[in-house]
Asks: 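One structure, as structure tokens, below. Some questions next.
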Amino acid sequence: MEYNFQVIEQKWQNYWTKQQTYRVEIDESKPKYYVLDMFPYPSGAGLHVGHPLGYIASDIYSRYKRHKGFNVLHPMGFDAYGLPAEQYAIKTGQHPAITTEVNIKRYKEQLGKIGFSFDWNREVRTSDPNYYKWTQWVFTKLFSSWYSNGSKKAESISMLEQIFKLNGSKKVDAACGEVKNFTAEEWKAMDKYQQQEILMNYRLAYQSNTAVNWCPALGTVLANDEVKDGLSVRGGYPVERKVMKQWSLRVTAYAQRLLDGLDQVDWSDSLKEMQRNWIGKSVGAKVFFKLEKYNDSLEVFTTRPDTLYGATFMVIAPEHDWVNKLTIDKQQQEVEAYVKWAKSRTERERMTEVKKVTGVFTGSYAIHPFSGEKIPIWIADYVLMGYGTGAIMAVPAHDNRDYAFAKKFDIPIIQVVSGGDISEESYDAKEGVLMNSAFLNGLSVKKAIGAAILKITKLGIGEKKINFRLRDAIFSRQRYWGEPFPVYYKEGMPYVLSINDLPLELPAVDKYLPTEKGEPPLARAKNWKTKEGYPLEVDTMPGFAGSSGYYLRYMDPQNSKQYFSPQAINYWQDVDLYIGGAEHATGHLIYSRFWNKFLYDMGMVVKEEPFKKLINQGMIQGRSSFVYRIKGTSKFVSFGLRNKYDTQRIHVDINIVDNDILDIEAFKKWQPDFAEAEFILEEGKYICGHEVEKMSKSLYNVQNPDELIEKYGADTLRLYEMFLGPIEQSKPWDTKGIEGVYRFMRKFWKLFHNKDNDFVLSDEKATAAELKVLHKTIAKIENDIERFSFNTGVSAFMIAVNELSDLKCNKRAILEPFSILIAPYAPHIAEELWSLMGHEQSITLAEFPVFNADFVKENDFSYPVSFNGKMRFKLNLPIDLSKEEVEKAVLKAEESQKWLQGKTIRKVIVVPKRIVNIVVG
RNA sequence: GCUCGGAUGGUGGAAUUGGUAGACACGUUGGACUUAAAAUCCAAUGGACAUUGCGUCCGUGCGGGUUCAAGUCCCGCUCCGAGUACCA
């Protein structure tokens, strides 16, 4: 039989489905291994060749681990909530669930054709009530928890209520919002409403007033990238900063643990660094500056308490609570105008116009805590309300932003650290010796920081403080297509539903738009209230809600009583290998870790970090093709001649270009405009130009996997995607090279077949040469898979098949183990050959061949002999010669004489089994 | 600006610990087979010089350095990619 991949692949895909080959259950007799892919959002466009890259790699690894005796959990599911389906629903009125269902079906078909070893019994979809029941449930748990800095973990709110009842708030060290201290008596005297208000400041899922980009015309909150120049990208309506009541998750409570956990995981340095920057820990001090006119102090955060004597002014953010309090009458108008202007700017604008220095004087002064001098308080939008206290002490000599501000508004600049020329620019480095700083003079920066903190602590005007850049995650969306919050309101206070009332299913609505009053779409639902008649929350959860804990649900996906059973978590523990795109570095991968740490505190999961090893697959870029039209004509000129004319470069569909040569007839048919096209050719061909760009429909460079599978088969596609290059590297897709892999597949097939294409294997004993090829390859493949070097693995197969072909080897003793080696990469052909060899069970169950070093032992080593570092010739020598013997043999060798002639030997370096280098002069 | 990656033939890439640079493919060229094409097979293929052969020199973004030996280590640059952005 010919290598008929279409028949073979169909046959085995059916077999796997029918036999449930990849179904996996807890099996205490085997070690577990959990391989996870980042689950996809099922978009309407389907998969392109870039999507399966990571899935193929993880599939190879999963299959390999199975051959190695592991019980492998390798599931797949869908991140099914998302904006595109909702937008489509708004446009067409079709329920997003229907769109999503259709898209998922298409995704599963496409995935099925590539031959993945997913256990589809464990599929999860975030939009499935049986799944989001547990997303909602975790939310209720977060709502009922607070974070104790003392025990460094989440504790229950009822415990906190007990503490308040007994001791008041004084001794509670919690990650919380701003709360005024109260005594036990005061607590007991409060009414339920007041108590709930206070508890809200402690909950890990809490409601607070948060500034958002509100677009009244669209009736929704927009993300930063949905706003441009103060207008909505969609529709161009005005957008304003508005404070709204929003649910948030107190991710910041876990900042330190999120940072510490990075030391325990096997992730790339760049990814860990990204997370560290995102968490943004900075160590410094909080310092209170007394106000001149009030018996009150302004709190600031600084990382440079050593430069306190250089503080010549203070700045508060335009949103700061004390703007009114600090503004004197004379400045009133100016301040109001400035604050209004600052508020009209979106965060994005403020970011992009970094260089613009703006600000206004309040007219008030603070008192310098050390020198007692008056220093002016300004308002400027380079100070952000969201970080630190929204107020700073400005040290223009040693901070470039303060410097620019002081220069513009003519504020004194006092140098307090030696080094740098203050007349030109600020000196920000943390190096030098203190000056102009009274008791700190002469100290190094490092020592001065300590001394300054000691002093402010003694004076009771501040203390050491750690700040994080990380912000709590806003968890509310005014959208339809997301998880409903399991929350109802009683007398205006939010309460969560009990587990018996979950899932709270997404209700039907007549339209997927906000109401006329500007409420979110859920407000349109009929009877959107509890049994008791209390109104339910109308916001929904964001995209990252469902993806934060999906890896846990795969462990026990059908459990209707629990998120997952204790047996399941005790067996599967955590994800051993996680493969996905780097775009989730700071979103999903922070939220998931937070989610997991919370569940860890609850005693529900057994590992504090969910993802042991993580690999970021690179992007597959497109390779666009171009034609060159002479401007104003319908004449097209070939690539090499394009500079002789005034041309316009036009993207052309890569499907009508082969090896940069344009299919002219297909081009004419491609678009009506080109039907009458004329061509100026080179050597009778139209050569296209090319460039690497992102893969996109609009650039006509999208390669769809279905077409390639149709033409070459899934095994070839799998091999080729791996052969393209290292998994973590971005690389252009180029269909050309797939032919080489396809040739290899047929060559491999031919090893098992004679000239007439009959399946023939010999049972003769394998020769030493054949065994050497096999075992060399076993070692190489094993090593390459273990270090995730899948591209070199493919070339090792090619080398082995080339060598076995040269040896005319068709021996079962070699080809049987070889089939197992290749099975993780090319499972269909491996199954087919395996069954032709007479096996009745799937090759999936076969044990990985064991490497035997005896078969690859060499008697000789071909020494490269260098003179002054330049390789001149090779000399075959017995492998066990000593250094001295090698040296002797090399110097005696005929080829050496030419290089030694008339020279003195200065040194001879012999590295056994590596190299010989002779230094002559 | 800051942080993290990266740069090797015409192309994708290999070289795992400092030890033969360019594995394996693609493409190209030539040849075999064929009426012809496809498929297949064989050979050549980093550059320059020399081609009568042995060959010789140069070569991993650029400039230095360490070393018997550098694609790999160190210092200084250039360019490209990703992330982030007034974080006090």
Asks: Among U16(B), A88(B), C58(B), find the nucleotide with the atom closest to the side chain of T303(A).
Replies: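 It is A88(B).
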Asks: Specify the separation, in whole Å, of atom OH of Y387(A) and atom C1' of U84(B).
Replies: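 That distance rounds to 15 Å.
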Asks: Among the nucleotides U16(B), U20(B), C68(B), which one has an atom lying closest to any side-chain atom of N783(A)?
Replies: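 The listed nucleotide nearest to N783(A)'s side chain is U16(B).
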Asks: Reading 5' to 3' and counting Watson-Crick or G-U wobble pairs with both distances under 3.5 Å, write the dot-bracket notation for RNA chain B, | for bases paired outside the strand.
Replies: (((((((..(((......[....)))((((((.......))))))((((.....))))..(((((..]....))))))))))))....
Asks: Respond yes when some side-chain nitrogen or oxygen of R746(A) is under 4.0 Å from OP1 or OP2 of U40(B), and no when none is.
Replies: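 Result: yes.
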Asks: Taking atom types as modelled and ignoring hydrogens, do the side chains of S282(A) and N467(A) form a donor-acceptor contact shorter than 3.5 angstrom?
Replies: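 Short answer, no.
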Asks: Could you check whether F748(A) and F818(A) have their ring centres less than 6.0 Å apart?
Replies: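 Ring centres of F748(A) and F818(A) closer than 6.0 Å.
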Asks: For a quick check of understanding: with a heavy-atom distance under 4.0 Å over all strands, which category does R906(A) fall into, base, sugar-phosphate or nothing?
Replies: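 Since no nucleic acid heavy atom lies under 4.0 Å of R906(A), the category is nothing.
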Asks: Can you see whether T389(A) engages E299(A) through a side-chain donor-acceptor pair at a distance of less than 3.5 angstrom?
Replies: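 Per modelled atom types, T389(A) and E299(A) side chains form no pair under 3.5 Å.
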Asks: Can you tell me, in whole Å, how much space there is between the P of A38(B) and that of C33(B)?
Replies: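 Between the two P atoms, the distance is 15 Å.
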Asks: What's N917(A) touching, base or sugar-phosphate or nothing? Going by heavy atoms closer than 4.0 Å.
Replies: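 Base, at least one base atom sits under 4.0 Å.
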Asks: If you look at every strand shown and take non-hydrogen atoms under 4.0 Å, does V919(A) touch a base, only sugar-phosphate, or nothing?
Replies: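 Sugar-phosphate contact only.
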Asks: Send over the distance from E319(A) CD to C86(B) C1', rounded to a whole Å.
Replies: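 Between C1' of C86(B) and CD of E319(A): 13 Å.
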Asks: With heavy atoms under 4.0 Å as the rule, sort K780(A) into base, sugar-phosphate or nothing.
Replies: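 K780(A): base contact, heavy atoms under 4.0 Å.
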Asks: Would you say C57(B) has OP1 or OP2 under 4.0 Å from some side-chain N or O of R872(A)?
Replies: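 R872(A) to C57(B) OP1/OP2: side-chain N or O found under 4.0 Å.
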Asks: If the condition is salt bridge (charged side-chain N to carboxylate O under 4.0 Å, His left out), which residues does D399(A) pass it with, not counting sequence neighbours?
Replies: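 Checked D399(A) against salt bridge (charged side-chain N to carboxylate O under 4.0 Å, His left out); matches are R401(A).
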Asks: Could you give the CD-to-P distance, from E273(A) to G6(B), as a whole number of Å?
Replies: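 It is 14 Å, rounded to the nearest whole Å.
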Asks: So what does S795(A) hit on the nucleic acid, given a heavy-atom distance under 4.0 Å: a base, only sugar-phosphate, or nothing?
Replies: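 Base: the residue S795(A), judged by heavy atoms under 4.0 Å, touches a nucleobase.
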Asks: Could you tell me how far U8(B) sits from A14(B) if I compare only their C1' atoms? Round to whole Å.
Replies: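 Looking at atom C1' only, A14(B) and U8(B) are 10 Å apart.
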Asks: With syn defined as a glycosidic torsion within 90 degrees of 0 and anti otherwise, which applies to G12(B)?
Replies: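 Anti.
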Asks: Check the distance between U84(B)'s P and L271(A)'s CG and give it to me in whole angstrom.
Replies: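 Atom-to-atom, L271(A) to U84(B), this comes out as 12 Å.
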Asks: Between U16(B) atom P and K913(A) atom NZ, what is the distance in whole Å?
Replies: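 It works out to 18 Å between those atoms.
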Asks: Between Y720(A) and Y712(A), is the ring centroid distance below 6.0 Å?
Replies: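 Here the rings of Y712(A) and Y720(A) have centres that are no less than 6.0 Å from each other.
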Asks: Going by the side chain to side chain donor-acceptor pair (under 3.5 Å) test, which pairs reach into residues 898-913 of chain A, not counting sequence neighbours?
Replies: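 Those involving residues 898-913 of chain A do not exist here.
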Asks: Among A23(B), C58(B), C86(B), which is the nearest nucleotide to the side chain of Y382(A)?
Replies: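 Selected nucleotide (nearest to the side chain): C86(B).
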Asks: Let me spell it out: for each of K898(A) and W278(A), pick the nucleotide of RNA chain B with the closest heavy atom. Which residue's pick is nearer the 5' end?
Replies: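 Of the two residues, K898(A) wins.
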Asks: Heavy atoms only, 4.0 Å cut-off, all strands: where does W899(A) land among base, sugar-phosphate and nothing?
Replies: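 The answer is sugar-phosphate, as W899(A) gets under 4.0 Å only of primed atoms, P, OP1 or OP2.
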Asks: Can you find a heavy atom in the side chain of F544(A) that is under 4.5 Å from one in the side chain of H588(A)?
Replies: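 With C-beta onward as the side chain, the pair stays apart.
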Asks: Holding to salt bridge (charged side-chain N to carboxylate O under 4.0 Å, His left out), I want the full list of residues that pass it with E858(A), two or more places apart in sequence or in another chain.
Replies: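 In terms of salt bridge (charged side-chain N to carboxylate O under 4.0 Å, His left out), with neighbours along the sequence ignored, E858(A) is linked to K772(A).
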Asks: What verdict does the side-chain contact (heavy atoms from CB on, under 4.5 Å) test give for V417(A) and R304(A), after you've listed the backbone C-alpha separation in whole Å, the side-chain angles of each residue and the deciding distance to 0.1 Å?
Replies: CA-CA 11 Å; V417(A) 180; R304(A) 295 293 302 272; 3.9 Å; yes
Asks: Using a heavy-atom cut-off of under 4.0 Å over every strand shown, decide if K874(A) touches base, sugar-phosphate, or nothing.
Replies: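 Since a base atom lies under 4.0 Å of K874(A), the category is base.
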Asks: What is the separation between atom CG on N277(A) and atom P on C2(B), rounded to the nearest whole Å?
Replies: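 Taking CG of N277(A) and P of C2(B), I get 13 Å after rounding.
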Asks: Rounded off to whole Å, could you give me the CH2-to-C1' distance for the W267(A) and C4(B) pair?
Replies: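 Going from W267(A) (CH2) to C4(B) (C1'), I get 16 Å.
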Asks: In whole angstrom, what separates E728(A)'s CD from U16(B)'s P?
Replies: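 It works out to 17 Å between those atoms.
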Asks: Determine the Euclidean distance between corresponding C1' atoms of A23(B) and U34(B); express it in Å to zero decimal places.
Replies: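 To the nearest whole Å, 34 Å.
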Asks: Taking the side chain of I909(A) as heavy atoms from C-beta outward, which of C58(B), G19(B), A88(B) is closest to it?
Replies: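 Of the options given, the side chain of I909(A) lies nearest G19(B).
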Asks: Quick one: label D269(A) by what it contacts on the DNA or RNA (base, sugar-phosphate, nothing), any heavy atom closer than 4.0 Å.
Replies: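 Result for D269(A) = nothing.
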Asks: On a whole-Å scale, what distance lies between the P atoms belonging to C4(B) and C74(B)?
Replies: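 Straight-line distance between the two P atoms is 14 Å.
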Asks: Each nucleotide N or O in nucleotides 9-13 of chain B that has a protein N or O under 3.5 Å away: list the pair and distance.
Replies:
residue	atom	partner	partner atom	Å
G12(B)	O2'	L724(A)	O	2.6
G13(B)	OP1	Q729(A)	NE2	3.0
G13(B)	O3'	N791(A)	ND2	3.4

Asks: OP1 or OP2 of A23(B) sitting under 4.0 Å from any side-chain N/O of K776(A)?
Replies: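 No.
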Asks: Check the phosphate of A69(B) against R914(A), side-chain N and O only, distance under 4.0 Å to OP1 or OP2. Yes or no?
Replies: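 Negative; the distance criterion is not met.
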Asks: Taking salt bridge (charged side-chain N to carboxylate O under 4.0 Å, His left out) as the cut-off, I'd like each qualifying pair that reaches into residues 727-740 of chain A, sequence neighbours left out, listed once.
Replies: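 Listed once each, the pairs are R623(A)-D734(A), D734(A)-K736(A).
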Asks: Please compare D402(A) and M274(A) by the position of their nearest nucleotide in RNA chain B and report the one closer to 5'.
Replies: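 The residue whose closest nucleotide sits nearer the 5' end is M274(A).
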Asks: According to the interplanar angle, ranging from 0 to 90°, do the rings of F851(A) and H775(A) count as parallel (below 30°), tilted (30 to 60°) or perpendicular (above 60°)?
Replies: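 Tilted.
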Asks: Has the side chain of D381(A) got a donor or acceptor atom sitting under 3.5 Å from an opposite partner on the base of C86(B)?
Replies: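 Per atom types, the contact qualifies.
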Asks: Just wondering, do D660(A) and K685(A) contact through their side chains at under 4.5 Å, heavy atoms?
Replies: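 Contact flag for K685(A)/D660(A) side chains = no.
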